[in-house]
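None of the values given here were measured: they were computed from a predicted structure. All values below were derived from every heavy atom in this structure, side-chain atoms included, with hydrogens, water molecules and symmetry-related copies excluded.
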Number of protein chains: 2
Amino acid sequence: MRKDVPKIVVARLPVYLRDLSQLRDEGKEVTSSQELGKRLGISPAQIRKDLSHFGEFGKQGTGYNVSYLIEQLRRILHADRNWKIILVGAGDLGHAMVHYTGFRKQGLHIIGVFDNDPQKIGQRWGELTVMDASTIEDFIQKENVRIVILAVPAKVAQQVADRLVNAGIRAILNYAPIVLHLPNGILVEYIDPVVHLQYMTYFLE
Amino acid sequence: MRKDVPKIVVARLPVYLRDLSQLRDEGKEVTSSQELGKRLGISPAQIRKDLSHFGEFGKQGTGYNVSYLIEQLRRILHADRNWKIILVGAGDLGHAMVHYTGFRKQGLHIIGVFDNDPQKIGQRWGELTVMDASTIEDFIQKENVRIVILAVPAKVAQQVADRLVNAGIRAILNYAPIVLHLPNGILVEYIDPVVHLQYMTYFLE
DNA sequence: TAGATTGTTAATCGATTAACAATC
DNA sequence: TAGATTGTTAATCGATTAACAATC
């Protein structure tokens with residue numbers, strides 16, 4: 001079995017991709033590990049090393065073709081296809097996620113929104129209608145959804161996550177401020193603004 | 001000069017604090033590095049090592065008093081006081097942030113919201129009124145605000161951040177999907193759900 | 001060619017873990 | 001006391017960086 005690419009390397013690729021897209025939008029056709037490093041606050045050596053896990057994408061003397069590297073990173077990250085995502089929890093945060101335009105451009109499509117509040121079920125959210133949480137399992141199976149954005153209260157996050165995993169979900173972006181306990185192989189990423197803010201207040205007087 | 005605590009250690013403290021608060025809510029009065037480690041998916045040795053950078057908080061044979069450790073972590077993280085925060089960018093995400101109840105409990109108070117859209121200025125958001133972005137500097141100085149949540153479009157994020165830093169801001173929680181270039185000493189934390197989702201799609205077929 | 005930059009190796013740096021004396 | 005768990009040291013593991021041959 002070939003050695004895995006370190007997770008921390010994979011975690012940087014989306015940031016490279018994001019910045020390269022910006023470079024392209026600015027009209028740049030070629031860049032270098034040095035330029036990219038300066039833009040990202042990362043050493044050029046690290047960028048070259050990270051990329052070297054996946055192949056050779058540059059040319060000595062000139063650097064990297066921006067469009068080509070974007071294409072390659074999209075392929076590596078599986079960002080070159082469309083992903084169906086469901087959102088569970090139709091609160092304010094869920095509302096913001098559904099209306100966020102940054103997902104679609106990356107092939108990340110929220111195709112269903114769920115809540116268990118009768119007040120919310122049936123509400124029209126953009127092109128979507130908030131559905132009854134009791135129908136999540138059917139929807140996941142019918143649509144073959146593998147990714148969830150979880151934006152429910154902390155108190156119910158674990159039990160909802162258990163249901164989702166049972167229904168076949170493979171990856172959870174968890175906005176609830178708790179650590180989830182799930183079977184091996186289920187991917188979980190955490191976003192909690194309080195954690196970031198408290199990290200910063202540590203350094204403030 | 002005493003050696004700094006590694007940043008990665010500081011970054012884990014808010015997660016410890018969050019989980020300890022949950023333990024306390026569950027009625028637990030004492031815990032151990034082993035229990036905490038299991039809950040967090042972290043090795044017990046790492047938890048003890050992390051805490052040892054700041055003092056001795058446990059008792060051999062019994063473990064840690066939950067309330068006492070919470071108190072100590074809050075002190076270490078400066079989470080035992082109130083922090084004034086302003087939100088810049090009154091979009092859907094900003095709306096969700098202002099209405100999020102998870103901040104206040106931690107002493108994190110959003111005391112002002114700003115936008116440059118005349119349609120939004122003057123809108124009532126809970127207890128706050130959306131203010132004209134041209135008045136940000138005055139507000140920061142008058143209220144002595146040091147933390148900003150930045151939720152503006154990527155295109156303007158850098159220039160807005162520059163203004164904020166000029167006005168005296170010390171820490172930015174940046175939701176705009178770009179890397180900010182700011183003077184040394186300015187703290188910036190990034191939240192970009194696309195980065196997390198693309199990290200996960202790497203592992204999905 | 002001369003200058004620039006890659007991809008890679010080896011060295012360095014830093015973080016995690018194992019182990020255990022101390023002690024509750 | 002016996003059992004449990006801390007705080008800490010030393011060993012291990014892994015990630016970052018410096019350096020450079022290759023080459024565009």
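Counting non-hydrogen atoms of other residues, nucleotides and ligands closer than 6.0 Å to CD of B/Glu26 gives a total above 12. More than 12 heavy atoms of other residues, nucleotides or ligands shown are found within 6.0 angstrom of CD on B/Gln141.
Contact check, B/Ser33 against D/dT6: a side-chain N or O comes under 4.0 Å of OP1 or OP2. Taking only side-chain nitrogens and oxygens, B/Tyr64 never comes nearer than 4.0 Å to OP1 or OP2 of C/dC24.
A/Val30 pairs by the side chain to side chain contact (heavy atoms under 4.5 Å, CB included) definition with nothing, not counting sequence neighbours.
When the options B/Glu71, B/Gln72, B/His78 are evaluated for a side chain to side chain donor-acceptor pair (under 3.5 Å) with B/Arg75, the one that passes is B/Gln72.
Residue B/Leu36 contributes atom CG, which lies 19 Å from atom P of D/dA4 at whole-angstrom precision. Taking atom NZ on B/Lys59 and atom P on D/dG7, their separation rounds to 11 Å, with Å as the unit. Across the protein-nucleic acid pair, B/Glu35 atom CD and D/dT5 atom P stand 10 Å apart, rounded to whole Å. Summarising the geometry, the separation between CG on A/Leu69 and P on C/dT6 is reported as 11 Å, rounded to the nearest angstrom. Nucleotide C/dT6 holds its P atom 17 Å from the CZ atom of A/Phe54, rounded to whole Å. Straight-line distance from the CG atom of B/Asn65 to the C1' atom of C/dC24: 14 Å, rounded to whole Å. Rounded to an integer number of Å, the gap from CZ of B/Phe57 to C1' of D/dT8 is 15 Å.
Side chain to side chain, B/Asp50 and B/Gln46 fail the donor-acceptor criterion of an N or O pair below 3.5 Å.
Although no hydrogens or angles enter the test, the distance criterion places no donor-acceptor pair under 3.5 Å between the side chain of B/Arg170 and the main chain of A/Phe203.
Ring geometry, A/Trp125 versus A/His99: the interplanar angle falls from 30° to 60°, so the pair is classed tilted.
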* If a protein heavy atom is under 4.0 Å from the base, mark B; if only from the sugar-phosphate, S; if neither, -; do that for nucleotides 13-21 of chain D going 5' to 3'. => --SSBBB--

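In this structure the side chain of A/Arg18 never reaches within 4.5 angstrom of the side chain of B/Val194, judged on heavy atoms.
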* Using Watson-Crick and G-U wobble pairs whose two distances are both under 3.5 Å, how do you write the pairing of DNA chain C as dot-bracket, with | for links to another strand? -> ..||||||||||||||||||||||

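If you take CD1 on A/Ile47 and CD on A/Glu35, they are separated by 10.0 Å, rounding to the nearest 0.5 Å.
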